[in-house]
*Asks:* 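Encoded as structure tokens, here's the structure I'll be asking about.
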Amino acid sequence: MKDRLPPNRFRMLDTMEDIRQNCSGRLYANLFTVKEFSKTFDIGINTVYKLCRLEDFPVIQIGGKKYIVANDFNEWIMRNTGKVITL
């Protein structure tokens, strides 16, 4: 059966296992809650909520909770480097 799966399938499974191990206790591996984001980046929680209201900030709301998309946040930082963000 293993011979029937393409080789990249095994790499994908290894990657998913790495995500599970490195992000234990997190609801979604690529998402930060506002509280996690605030602690990780040492930004006040009220400031994070203000950032979440910006039009191009990478936030998603699932139910009543807001999550910051980690990969998109890195891209957002690169796009806004050198700019002054007014909240």
Side-chain angles (χ1 to χ4, degrees):
M1 176 89 176
K2 285 184 180 181
D3 296 332
R4 299 170 103 189
L5 295 172
N8 62 349
R9 173 80 173 155
F10 293 114
R11 277 180 289 192
M12 184 183 76
L13 292 174
D14 289 343
T15 303
M16 290 306 294
E17 185 59 33
D18 289 341
I19 289 171
R20 280 189 210 97
Q21 288 175 1
N22 294 327
C23 299
S24 60
R26 297 201 50 203
L27 182 59
Y28 302 102
N30 192 31
L31 302 178
F32 286 98
T33 64
V34 170
K35 189 175 181 179
E36 288 173 332
F37 188 84
S38 175
K39 286 182 180 182
T40 302
F41 294 99
D42 196 26
I43 300 172
I45 199 157
N46 290 333
T47 302
V48 176
Y49 278 113
K50 288 177 185 177
L51 284 170
C52 289
R53 283 188 244 137
L54 293 176
E55 186 176 322
D56 65 337
F57 193 74
V59 64
I60 184 170
Q61 186 165 342
I62 301 173
K65 283 193 148 191
K66 292 181 188 269
Y67 297 92
I68 291 92
V69 184
N71 291 344
D72 293 345
F73 174 69
N74 291 334
E75 292 174 18
W76 183 82
I77 288 291
M78 296 306 293
R79 281 194 315 267
N80 289 287
T81 299
K83 295 180 183 177
V84 176
I85 306 297
T86 55
L87 302 175

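The structure displayed is predicted, hence computed values, not measured ones. Heavy-atom basis, side chains included; hydrogens, waters and symmetry copies ignored.
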*Asks:* Side-chain contact, heavy-atom cut-off 4.5 Å: Phe57 with Phe73?
*Replies:* yes
*Asks:* Looking at Lys66 and Val59, what are the two nearest heavy atoms and their distance?
*Replies:* CB-CG2, 4.0 Å
*Asks:* For residues Tyr67 and Val34, determine if any side-chain heavy atom of one lies less than 4.5 Å from a side-chain heavy atom of the other.
*Replies:* no
*Asks:* Ile85 and Trp76: side chain to side chain contact (heavy atoms under 4.5 Å, CB included), yes or no, with the steps?
*Replies:* CA-CA 12 Å; Ile85 306 297; Trp76 183 82; 4.3 Å; yes
*Asks:* Kindly compute the distance separating CG (Leu51) from OG (Ser38), expressed to the nearest 0.5 Å.
*Replies:* 10.5 Å
*Asks:* How many angstroms lie between OG1 in Thr47 and CZ in Phe37, if you round to the nearest 0.5 Å?
*Replies:* 10.5 Å
*Asks:* Is a donor on one side and an acceptor on the other found under 3.5 Å between the side chain of Thr40 and the backbone of Glu36?
*Replies:* yes
*Asks:* So which of Val48, Ile60, Thr33 actually passes side-chain contact (heavy atoms from CB on, under 4.5 Å) with Ile68?
*Replies:* Val48
*Asks:* State yes or no: do Phe41 and Met78 share one hydrophobic cluster built from I, L, V, M, F, W and Y residues joined by side-chain heavy-atom distances below 4.5 Å, directly or via other members?
*Replies:* no
